[in-house]
Amino acid sequence: MIIENVHVGPKFKELSNTLDMSFLKDSTFIGRASGRSMEGVGIFDGDLLIIDRSKDVQQNDVIVACLNGQFVCKIADLTNNLLLSANPSNKPYKLTGFDQYNVEGVVTQSIRMHRSSTVLEFGC
């Protein structure tokens, strides 16, 4: 599952007025999920993800990371150094020293989009 880049700016300010601000703070950002690899944990194509950079990654957390230049959303298997999908048709990804890898944050919440909103069009 790839996370699309979203702009944080005026449109985000409009969105923040419609959300419960108790889970948004300076260390959080919003990404839009793309793909089907995380459907097993309830994250579907087009969902918005609330990602918190201040959280320490724990075993089996759903994370957003930059892997070899692409944003991905995966389950962190810290014990085996793997990135796991929640879809059995996707194989685990074994991280090696050759990978460019950086955890961007822990997914704390997701928002299912049943109808698109012009407020949520971030213009990627």
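Just so it is clear, the values below take in all heavy atoms, side chains as well, and ignore hydrogens, waters and symmetry mates.
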Closer than 3.5 angstrom, by distance alone: can the side chain of [X] be matched with the main-chain N or O of [Y] as a donor-acceptor pair?
X	Y	answer
Asn68	Gln100	yes
Arg112	Gly42	yes
Gln109	Ile50	no
Asn90	Ser37	no
Asp45	Gly35	yes
Asn80	Asp77	no

Return the [atom1] to [atom2] distance between [X] and [Y], rounded to the nearest 0.5 Å.
X	Y	atom1	atom2	value
Ile30	Leu48	CD1	CG	6.0 Å
Ile51	Glu104	CD1	CD	8.5 Å
Arg32	Asp47	CZ	CG	9.5 Å
Leu83	Tyr101	CG	OH	4.5 Å

**OP:** State which residues pass side-chain hydrogen bond (donor to acceptor under 3.5 Å, both in side chains) with Asn87; sequence neighbours excluded, sorted by chain then number.
**Re:** Ser89
Original post:
Can you check side chain to side chain contact (heavy atoms under 4.5 Å, CB included) on Ile43 and Leu49, steps first, answer last?
Top reply: CA-CA 8 Å; Ile43 298 173; Leu49 305 178; 3.7 Å; yes
Subject >> Side-chain donor-acceptor pair present, Lys55, Thr108, cut-off under 3.5 Å >> reply: no
**OP:** Would you check, one step at a time, whether the test side chain to side chain contact (heavy atoms under 4.5 Å, CB included) holds for Tyr93 with Leu82?
**Re:** CA-CA 5 Å; Tyr93 186 88; Leu82 295 171; over 6 Å; no
**OP:** Could you pull out all residues at least two apart from Asp61 that satisfy salt bridge (Lys or Arg N to Asp or Glu O under 4.0 Å)?
**Re:** none
Original post:
Looking at Phe29, does the NZ or CZ of Arg53 lie under 6.0 angstrom from its six-membered ring centre and within 45 degrees of the ring axis?
Top reply: yes
Subject >> Minimum-distance pair of heavy atoms, taken over all atoms of Ser27 and Ser54 >> reply: OG-OG, 3.3 Å
Subject >> Shortest non-hydrogen contact from Met38 toward Ile75 >> reply: CE-CG1, 3.7 Å
**OP:** Any chance you could lay out the side chain to side chain contact (heavy atoms under 4.5 Å, CB included) test for Val57 and Leu78, step after step, and finish with the verdict?
**Re:** CA-CA 9 Å; Val57 179; Leu78 303 176; 4.1 Å; yes
**OP:** Before giving the answer on side chain to side chain contact (heavy atoms under 4.5 Å, CB included), spell out for Leu84 and Lys74 the whole-Å C-alpha distance, their side-chain angles and the decisive distance to 0.1 Å.
**Re:** CA-CA 5 Å; Leu84 307 173; Lys74 298 293 178 193; 5.9 Å; no
**OP:** Taking atom CD of Gln58 as the centre, report whether more than 12 heavy atoms of other residues, nucleotides or ligands fall under 6.0 Å from it.
**Re:** no
